[in-house]
Q: 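Before I ask anything, let me first share the structure, which is written out below as structure tokens.
Whatever order the structure lists them in is the order used to number ligands and atoms, beginning at 1.
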Amino acid sequence: MPFSLLPWRIADELPDLEPAWLKEQGIQLLMLDFDNTIVPYTTNVPTQRMDAWLQMMKRSEIQICVVSNSKRERVRFFCEKFGIPCITHAKKPFSRGIRACLEKFGVPRENSALVGDQIYTDTLGANCAGVRSVLVKAINNHNIWLKLRHIAELPFILIARKRRMKNEKY
Ligand SMILES: [Mg+2]
């Protein structure tokens, strides 16, 4: 599988991804990173917009599953509360958790995408697993390490933005 740090698409935030567009792209399974993609590290309460998007996705034809590296109980609690399947300890950028998700849903990797805020874990992990990668902005890089990591990601974000066709939505 390709080792690449370039995301397939870039969106501002998760709720920008419309089910109709995802369906057009052939996506049947959308894996979601948790921390800083659905909620920031500092809260378990999603914004109203995020909440509405999650509910809409649950009603759509596209299956969603949280695939998180986190070992914290808060991910499981959140997913149980919102009725979203989840895989924790995913060890992205390694493929184990992503592969487990593909097997769980029986969806080919070509018809799957992973959305996350980190290039070195989410984007790389998705690309290496042959799953399409969507990069979103981190909701809140609340400490210096997260800010520094974002700076290290910038070259790849700029390349991916430049590569994007003018008529493309994301
Ligand atoms: Mg994250």
Q: List, one per line, each side-chain donor-acceptor pair under 3.5 Å for residues 145-155, sequence neighbours excluded.
A:
{"unit_1": "K147", "atom_1": "NZ", "unit_2": "N141", "atom_2": "O", "d": "3.1"}
{"unit_1": "R149", "atom_1": "NH1", "unit_2": "Q118", "atom_2": "OE1", "d": "2.9"}
{"unit_1": "E153", "atom_1": "OE2", "unit_2": "I119", "atom_2": "N", "d": "2.9"}

Q: Can you check side-chain contact (heavy atoms from CB on, under 4.5 Å) on D117 and K137, steps first, answer last?
A: CA-CA 6 Å; D117 67 296; K137 286 181 185 158; over 6 Å; no
Q: Between Y120 and P93, is there a side-chain heavy-atom distance shorter than 4.5 Å?
A: no
Q: Which protein N, O or S atoms lie under 2.8 Å from the Mg ion (ligand 1), given by chain and residue number?
A: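 The answer is D33 OD2, D35 O, D117 OD1.
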Q: Is the count of non-hydrogen atoms from other residues, nucleotides or ligands lying under 6.0 Å from E61 atom CD greater than 12?
A: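 Open.
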Q: Answer whether the closest heavy-atom distance between the side chains of M57 and L30 falls below 4.5 Å.
A: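 Counting from C-beta outward, M57 and L30 do come under 4.5 Å.
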Q: With a 4.5 Å heavy-atom cut-off, do P46 and F78 have their side chains touching?
A: yes
